[in-house]
S.K.: 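Got a structure for you, written out below as structure tokens; questions coming shortly.
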Number of protein chains: 2
Amino acid sequence: MASIQDVARLAQVSTATASRALSRPDMVATTTRDRVLHAARQLGYQPNVIARSLRQGETRTIGVIVTDILNPFHAQLAKGIQDAADRHGYTAFLFNSDEDPAKERRAIETLRGHLPQGLIIVPTSGARENLAALSGVPIVELDRVTGTPAVTTVTADNAAGAAAATRHLISLGHTRIGMIVGQQDISTATQRHDAYRSALEDAGLTYDPALVLPGNHREDDGHRAATRLLTLPEGRRPTALFIGNNEMTVGAVLAARALNLSIPTDLSIVGFDDSRWAQTMTPPLTVVAQPTYDLGTQAAEQLIQQLRRPRDGPPLHIQLSTTLIVRHSTSPPRTPALTHH
Amino acid sequence: MASIQDVARLAQVSTATASRALSRPDMVATTTRDRVLHAARQLGYQPNVIARSLRQGETRTIGVIVTDILNPFHAQLAKGIQDAADRHGYTAFLFNSDEDPAKERRAIETLRGHLPQGLIIVPTSGARENLAALSGVPIVELDRVTGTPAVTTVTADNAAGAAAATRHLISLGHTRIGMIVGQQDISTATQRHDAYRSALEDAGLTYDPALVLPGNHREDDGHRAATRLLTLPEGRRPTALFIGNNEMTVGAVLAARALNLSIPTDLSIVGFDDSRWAQTMTPPLTVVAQPTYDLGTQAAEQLIQQLRRPRDGPPLHIQLSTTLIVRHSTSPPRTPALTHH
DNA sequence: CTGAAAGCGCTAACAA
DNA sequence: TTGTTAGCGCTTTCAG
């Protein structure tokens, strides 16, 4: 590959001039600049960013760690980040933690060697310790939050979303509303759970811990939890389910089908996070939609802005709003009378 | 961040020895080695891979370009690649071309500056020229093929898959089988199309160009093409559709629904590429499944093997087999008599 | 077995 | 406006 030396030689200038002609065109005479540019084009010159990074101590690279690239939610976050980073001339290094703190740690270590100028992370439950290894690098926590002081966060308004979902079910007349909630050490899970609980209590309903089951964000977990909830004895069984993330919702819907419960007649369901699957399943799913792509771009924009000029004040906490989209997976509960039809 | 100089100083050795102790432990006395290792750990030393790459001319990095990370098929390819690369100590740089040759070109240029030691690419229609910029770098074409001589390819057996799909529909009694096919300059599209045509002709059916509509791999394209095909006058309208990729299949299913055609009664559908969506839609979709994750890992394994020791003979063309999964979106066509029921 | 020194490709002082 | 030179952090000759 042609180096800047080759370009300099061909243009009959020093490497310094060649370098300047390419990166600070105005510092160089027009005629020489043209000579250099021409030589560069002729040789197909592409700067060696490795050498440049080493010299400048700036890699123009940001690290990105999501927990599951196979989850469309995360794929969309990643795309938002990449598109925005790209617009600003940064390259994003994408890693997967698979929701596993050990993998996350390895990703961080690998990343560290590449000297990323910043990191956008959807943290696992072990992130707080893992992140300690990266001191000095600006961090943006995306979607979830570890509670580490002084880091920027970009999240959706989980509380409002969960409250809207719960109130929607209550307004339809449901009184036994179950919830399948993510890991309790993940902020999104606790926020959604807390809001669900408050909404219930605000409406004068009692919060019943027996109707709340945990899962680890995966489809299986949703399936398992839903099966348990839906096989509760009649009269104790929830007539509606609010499910804390997209993957578990899939599992729950399949569990309901396996039990021959028809949605929404026998069971109302509200999921968190919209997706094509939610839109096209039968019946189309009522969900709390998140501005997923925007979450990604916002995270990147915030990080890059911070790289350009480090903030001194308190860290920014950006929260994007969620919206309840009512489709056809929710309806009033079947009344006992009708059951005996 | 601690550099190797810091380690050397703390261990009271030269940087050369420190370097050796870390990367070639057997070239150094045990006692000094221990001193160095201890110092390194104490400082949290992480080698600067940028500097190392510059020195060695080896970045231990491979480039990956897929056409659409939001498509679960591509997400899975990417994951397979990353997991395999990781196992071999390589870092994968992931880019998106969005099926756009111009974006692909930009991705290749950015990548080039990072000196990837190899590239795995799902090529767009413009890839052949774009790839010229990367001469000298081993390339693996994944899923699709540009026909460039001497590059390794890893693909699914598209012909067998498409033939199986078509024969399945024929064996159910369909005679008017439409196809929605991808861009004609994409190898997978033409292979699937050719196999469909041959299967038809082998069964003594005539290939009707009016029943074959092109699309650009996206959901909309599938929707549009299906709508046109399904609004053909009765008697000309296809009773079955074979659709050339996963995204277009979604569009086609939605188009059928919009036209109030019930699947499979009014219309049989076979899609290419399995997905959770295909498995859980109603009715579950008959598809040609591909070993997606394995395609990814194979591509990475082949590339890395090639990096270790460059092949001299002709390039490898790896083909993984596809399987027809018959679910419930296909059935015999409705007979005219029944139509008047 | 260890150290001194060179150099990967680039850019930023500094001089001219 | 241009050239000379040093040095980013690392590994690898080459001597000792």
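Below, read A as the first sequence line, B as the second, and so on, with proteins coming before strands; counting in each chain starts at 1. Fair warning: this is a prediction, and the values are worked out from it, not measured in the lab.
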S.K.: Starting from P on C/dC8, measure out to CG on A/N48 and report it in whole angstrom.
M.R.: 12 Å
S.K.: When you measure from the side chain of A/A29, which nucleotide among C/dC8, C/dA4, D/dT1 comes out closest?
M.R.: D/dT1
S.K.: Salt-bridge test for B/D98 and A/K79: reply yes if a basic N is under 4.0 Å from a carboxylate O, no otherwise.
M.R.: yes
S.K.: Only one of B/T155, B/T190, B/T67, B/T153 passes side chain to side chain contact (heavy atoms under 4.5 Å, CB included) with B/R144; say which it is.
M.R.: B/T67
S.K.: Quick one: label A/A16 by what it contacts on the DNA or RNA (base, sugar-phosphate, nothing), any heavy atom closer than 4.0 Å.
M.R.: base
S.K.: Pick the closest DNA chain C nucleotide for A/S19 and for B/Q56 by heavy atoms, then say which residue is nearer the 5' end.
M.R.: B/Q56
S.K.: Looking at the side chain of A/V28, which of D/dT2, D/dG3, D/dG9 is the nearest nucleotide?
M.R.: D/dT2
S.K.: Distance check: side-chain N/O of B/T32 vs OP1/OP2 of C/dT2, anything under 4.0 Å?
M.R.: yes
S.K.: State which of D/dC10, D/dC8, C/dC10 makes the closest approach to the side chain of B/Y45.
M.R.: D/dC10
S.K.: Taking only side-chain N and O atoms of A/R52, does any of them lie within less than 4.0 angstrom of OP1 or OP2 on C/dT11?
M.R.: yes
S.K.: Please report, rounded to the nearest Å, how far the P atom of C/dC8 is from the CE atom of A/M1.
M.R.: 15 Å
S.K.: For B/S53, report the nucleic acid contact type (base, sugar-phosphate, nothing); a contact means any heavy atom under 4.0 Å.
M.R.: nothing
S.K.: Side chains of B/H114 and B/T59: any donor to acceptor distance under 3.5 Å?
M.R.: no
S.K.: Does either side chain, that of B/E104 or that of B/T124, offer a donor lying less than 3.5 Å from an acceptor on the other one?
M.R.: yes
S.K.: A/E247 side chain to A/N71 main-chain N or O, any donor-acceptor pair under 3.5 Å?
M.R.: no
S.K.: What's A/R24 touching, base or sugar-phosphate or nothing? Going by heavy atoms closer than 4.0 Å.
M.R.: sugar-phosphate
S.K.: Which part of the nucleic acid, if any, lies within contact of B/V13, taking any heavy atom under 4.0 Å across all strands shown: a base, the sugar-phosphate backbone alone, or nothing?
M.R.: sugar-phosphate
S.K.: In whole angstroms, how far is the P atom of C/dA12 from the CG atom of A/L54?
M.R.: 13 Å
S.K.: Assign each of B/A51 and B/R20 to its nearest nucleotide of DNA chain D by heavy atoms, then name whichever residue's nucleotide is nearer the 5' end.
M.R.: B/A51
S.K.: I want to check one thing: is the phosphate of C/dT2, taken as OP1 and OP2, less than 4.0 Å away from some side-chain N or O of B/T17?
M.R.: no
